[in-house]
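In what follows, a structure is listed as structure tokens, so that the remarks can point back to it.
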Amino acid sequence: MSYDKVPLAGVIGSPIAHSKSPQLHAHWLKVNGLKGFYIPMDVASDDLETVLRTMPKMGFVGANVTVPHKEKVMELADLVTDRATLIGAANTLIFRKDGKIHADNTDGYGFIQNLRENAPDWNPKTGPAAVLGAGGAARAVVASLLDAGVPEIMISNRTRVRAEALQADFGSRLTVVDWVQAGNMLEDALTVVNTTSLGMVGKPPLRVPLDGLRKDAVVTDLVYAPLKTRLLLEAEKAGCTTVDGLGMLLYQAIPGFERWFGVRPVVDSATRAAALR
Ligand code: ATR
């Protein structure tokens, strides 16, 4: 094939070897019959600005951004969406034809879309949500749940001041619950989300008592390795609707792919298999 004008995209982070995004985008390029490449790029913080300024000249139309650059890219971008500003991080860049870099955050979109597609009866407006964790991922989850119309969010984090910081930023629909009391908030929650890294392969387990889970709750875990975490297994036993975290990773990638390559990709079982390869 001719490489003239073949669009390039990629994911910028450090480390980057674990990223599932290259397999995912390669799959979408292939099934949609598109020309293009999506490349993992391990970039040190000191080189980030140079890399970002050079990429458009090399034929890159955009990029995903992951740890540790999700905050710094916002300073380097020419235009930042309101939702990325609210969340305090960007995960998707568009290199526009006029040379400007546009930064967005699609994590909240991915989170909500994963629930809407895999728990079609889920109605965030009918009752409170409980969020475990108050890190970067929690900010995107909280912003999108508020946007989706949840009446109240109870948030609990080992380090309470981080949960209080979220409450200060996101307002009166948030209440902070002590980490030792986290199990109690589940009794009222119709949406339950683990945004901590607890339960991930190589991390300690999530030890929050789960006997308070309601059977009419929709329960999801951002951890996707393993796909079935203790939270999801216990929630299944309690009769809850459960949604694993892999879908969030897949759905958050849709807006970027569509902007860069011009086709809106579909998430299906083949997409999941490709990302897990
Ligand atoms: P991310 O962007 O993935 O949210 P992060 O900002 O480092 O990453 O946040 C990680 C989350 O997992 C935080 O809520 C963190 O709690 P602290 O704010 O107290 O650090 C939580 N977490 C990580 N390890 C934990 C542990 N051993 N016990 C309880 N919470 C933990």
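All residue numbers refer to positions in the sequence shown, counting from 1. Note that the structure is a prediction, hence the values are computed from the model and not measured.
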Say whether, by atom type as modelled, one donor and one acceptor occur between the side chain of [X] and the main chain of [Y] under 3.5 angstrom.
X	Y	value
H69	N91	no
T271	V266	yes
K72	L48	no

With a 4.0 Å cut-off, would you call [X] and [Y] a salt bridge?
X	Y	value
R83	D107	no
E236	K228	yes
E234	K237	yes

Worksheet item: Of the non-hydrogen atoms in F60 and M41, which two are nearest, and what is the gap between them?
Response: CE2-CE, 3.8 Å
Discussion item. Looking at every heavy atom in both M185 and V131, which two are closest together, and how far apart are they?
Written reply: CE-O, 3.6 Å
Discussion item. Once ring pair (Phe, Tyr, Trp, His ring centres under 6.0 Å) is applied, do any residues pair with Y224, and if so which ones, sequence neighbours excluded?
Written reply: none
Response to the item:
Residues pairing under salt bridge (charged side-chain N to carboxylate O under 4.0 Å, His left out) where one sits in residues 151-175, two or more places apart or in two chains, turn out to be R139-D169, R160-E164, R160-D178
In terms of side-chain heavy atoms, does [X] have a donor or acceptor partner in [Y] at a distance below 3.5 Å?
X	Y	value
W122	T191	yes
D104	T92	no
T85	D82	no

Practice prompt. Enumerate the residue pairs fulfilling side chain to side chain donor-acceptor pair (under 3.5 Å) with a member in residues 204-216, sequence neighbours excluded, ordered by first and then second residue.
Written response: R214-D216
Worksheet item: Parallel, tilted or perpendicular for W28 and H25, by the 30°/60° rule?
Response: perpendicular
Worksheet item: Considering the options N118, L227, T220, which one meets the side-chain contact (heavy atoms from CB on, under 4.5 Å) requirement together with D244?
Response: L227
